[in-house]
> 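Please find one structure pasted underneath; my questions will follow.
As the structure is a computational prediction, the values presented were derived from the model and not from experiment. Numbers here simply count residues along the sequence, with the first being 1.
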Amino acid sequence: MRYVSTRGGVPKVGFDEVLLTGLAGDGGLYVPEKWPEIDLRKLGRSGEASYAEVAANVMMPFVKGSVIEPELFEITNAAYAGFSDPAVAPLVELAPNEWLLELFHGPTLSFKDYALQVVGPMLERVLNARSASATIVGATSGDTGSAAIEACKGREAMSIFVLHPKNRISDVQRRQMTTVTADNVFNIAIDGTFDDCQTLVKALFSNKSAREELQLSAINSINWARIIAQAVYYVSTSLVLGGPEKRAVYSVPTGNFGNVYAGYTAHCMGVPVECFVVGSNSNDILTRYFESGAMTAADVVPTLSPAMDIQISSNFERLLFEAYDRNSIAVAGLMASFKKDGQYTVAGEARSFIDSLFCGYRIDDKGALAVMRRIYEGTGKLIDPHTAVGIACGRQFSVQPTVPRVTIATAHPAKFTDAVQLATGVKPELPNTLSDLFERPENYVCLPNDIDVITDYIYSERPSP
Ligand SMILES: *Cc1c(COP(=O)(O)O)cnc(C)c1O
């Protein structure tokens, strides 16, 4: 499989290159040259194939010709072996024909494990095949950092540095990162906000000599490999709910548009979909887009669902590329106007194309807390605030009761103890694998919001090449 950039300014490349570089050199995002189809009937009804087998089958067409191809099943098999639920991504019925797809059974309790547990070993293999190494640097507001660390720890070809805003992430989230003991893992608490952390990472990546000398790499949510690993659970869900004949509604608590775009990828491969509900908290740039056709930037406000406190949903560009019939000049034009004026408008056929499969709703913190409380009272189940946004937004979309509704449960309630307790009065318990999290020693440095200090630190700590 070859990949093209949504902005059309770079040559086609193979999967290995896409995995290593993430963002295309013209600022665009890589997408496959054409959509492969899978035969859901051949994949078998639920129970016939393991999650790891389905995963390898779904991802195979995308890695064809790459060094990953012969090892794909071995990778998925190892990646999901340690997940705490035998179904890996279990579908739980919340109310008649209303389902939760629980994606918090991986090592760090958010759906990000479902992608990163596969991407870590893929990256290692590509690096080894080239006798290369990489320094992975990222900023986290919570969930990405721990999932990335867990995916990279102990892998010799790479070291990973994660910046988090000091005292601004939850204790569980910090400890999930800082109690990892592998010597290729470095945690840095920055005196500043998440935006400061991101600005530092961007500054480092735009330093050409550092980029080359350190072999910098990112595993952020625009990396194509993450998208295909996430497409898998839409396929496995459809198999349970009667695909390819029966359509379902998928409600997705959305930040960077990676998860819901992975659903679209699964749809392009053959998963039948009634609608993707794009769920937002008070940071509702996407909801406003669906109402008006205009994507207009606004300031980020902090909410109880911090993983969705995002101003720009980067992966939306990939959907625009399809909506504009793969016209990269049109996409590059919209992105330039967003950069210049903080706004662009989608009209005509492109807008109808998106509206035919997607819709967007919002819910504020008060509404999310009310849903958490009602579900606890009705079912005894604790849900996390992101999942609550997904459920509340999904319920705003009206559809015949015979069509199954699926909300993607993106995090375990114990990751967001304060919000869950506020809503229900109950403190969610950490699963057994993490029950001693608060006894483990922490290991991290605190550094000022200063790019020179950060750069020096990375140079001095990374393993000598
Ligand atoms: C990252 C994250 C999201 C947002 O997912 P996107 O792919 O960025 O849309 C939602 N919920 C949780 C718990 C997350 O960690």
Side-chain angles (χ1 to χ4, degrees), residues 45-52 54-55 80 82-114 143 230-243 246-254 259-260 262-263 266 271 273-277 279 305 307 363 368 370-395 397 399 401-416 419-420 423-424 426 428-434:
R45 296 290 169 196
S46 67
E48 285 170 23
S50 70
Y51 187 84
V54 174
Y80 299 115
F83 280 48
S84 64
D85 190 287
V88 180
L91 200 57
V92 175
E93 198 163 17
L94 197 61
N97 227 9
E98 186 181 17
W99 305 81
L100 273 188
L101 175 61
E102 291 185 354
L103 299 182
F104 48 71
H105 297 286
T108 73
L109 313 181
S110 89
F111 82 97
K112 295 193 167 72
D113 288 326
Y114 288 72
D143 296 331
Q230 292 177 181
V232 174
Y233 45 74
Y234 291 91
V235 174
S236 71
T237 300
S238 185
L239 288 172
V240 176
L241 295 178
K246 234 178 141 191
R247 295 199 279 219
V249 174
Y250 295 90
S251 180
V252 189
T254 296
N259 197 355
V260 68
V271 167
V273 173
E274 177 77 23
C275 184
F276 288 111
V277 176
S305 38
I363 188 91
V371 167
M372 291 161 82
R373 185 165 51 244
R374 271 206 303 280
I375 287 177
Y376 177 65
E377 284 166 2
T379 68
K381 241 180 129 47
L382 297 176
I383 54 167
D384 103 285
H386 303 80
T387 306
V389 170
I391 293 173
C393 292
R395 287 178 178 175
F397 176 74
V399 70
T402 49
V403 179
R405 286 165 194 272
V406 181
T407 294
I408 316 290
T410 49
H412 191 283
K415 280 200 104 158
F416 299 95
V420 174
T424 64
V426 179
E429 294 288 327
L430 280 166
N432 285 338
T433 46
L434 287 171

> Would you say that more than 12 heavy atoms from the other residues, nucleotides or ligands in this model lie under 6.0 Å from the CD of Glu93, or not?
yes
> Under the side chain to side chain contact (heavy atoms under 4.5 Å, CB included) test against Tyr250, which residue among Val271, Leu101, Val260 passes?
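One option only clears the test, and that one is Val271.
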> Do the side chains of Phe397 and Cys275 get nearer than 4.5 Å, heavy atoms only?
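Counting from C-beta outward, Cys275 and Phe397 do come under 4.5 Å.
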> Ignoring hydrogens, what is the shortest heavy-atom contact between Lys381 and Leu94? Give both atom names and the distance.
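Looking at all heavy atoms of both residues, the closest pair is CD-CD1, 4.1 Å.
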> Atom NZ of Lys112 and atom OG1 of Thr410: how far apart are they, to the nearest 0.5 Å?
7.0 Å
> Taking all non-hydrogen atoms of both residues, which atom of Val371 and which atom of Ala392 are closest, and how far apart?
CG2-CB, 3.7 Å
> If every non-hydrogen atom of Arg247 is compared with every non-hydrogen atom of Val273, which pair is closest and at what distance?
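Heavy-atom minimum between the residues: CD-O, 3.4 Å.
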> Below 6.0 angstrom between ring centroids: does that apply to Tyr80 and Phe83?
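Yes, they do, as the ring centres are separated by less than 6.0 Å.
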> Would you sort out whether Ile391 and Leu100 count as a side-chain contact (heavy atoms from CB on, under 4.5 Å), showing the intermediate values?
CA-CA 9 Å; Ile391 293 173; Leu100 273 188; 3.9 Å; yes
> Counting distance only, does the side-chain N/O of Tyr114 pair as donor-acceptor with the main-chain N or O of Val88 below 3.5 Å?
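Yes, the answer is positive, given that a donor and an acceptor are paired below the 3.5 Å cut-off.
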> Any non-hydrogen side-chain atom of Val252 less than 4.5 Å from a side-chain atom of Tyr234?
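Val252 reaches Tyr234 side chain to side chain.
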> As an exercise, state the distance from CD of Glu98 to CZ of Arg395, rounded to the nearest 0.5 Å.
4.0 Å
> Which heavy atom of Asn259 sits nearest a heavy atom of Gln230, and at what distance?
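Where Asn259 meets Gln230 most closely, the heavy atoms are CA-NE2, 3.4 Å.
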> Measuring from Leu109:CG to Leu430:CG, what's the distance to the nearest 0.5 Å?
7.0 Å
> Could you tell me which non-hydrogen atom of His386 sits nearest to which non-hydrogen atom of Pro253, and how far apart they are?
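Between these two residues, the closest heavy atoms are O-CB, 3.3 Å.
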> Quick one: NE2 on His412 to OG1 on Thr108, what's the gap to the nearest 0.5 Å?
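Taking NE2 in His412 and OG1 in Thr108, the distance rounds to 12.0 Å.
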> Which value, rounded to the nearest 0.5 Å, describes the distance between Phe416 atom CZ and Met372 atom CE?
10.0 Å
> First locate atom NZ of Lys415, then atom CG of Asp143, and finally report the distance between them rounded to the nearest 0.5 Å.
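Between atom NZ of Lys415 and atom CG of Asp143 there are 3.5 Å.
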> Using every non-hydrogen atom in the two residues, find where Lys246 and Leu241 come nearest and quote the distance to one decimal.
CB-O, 3.5 Å
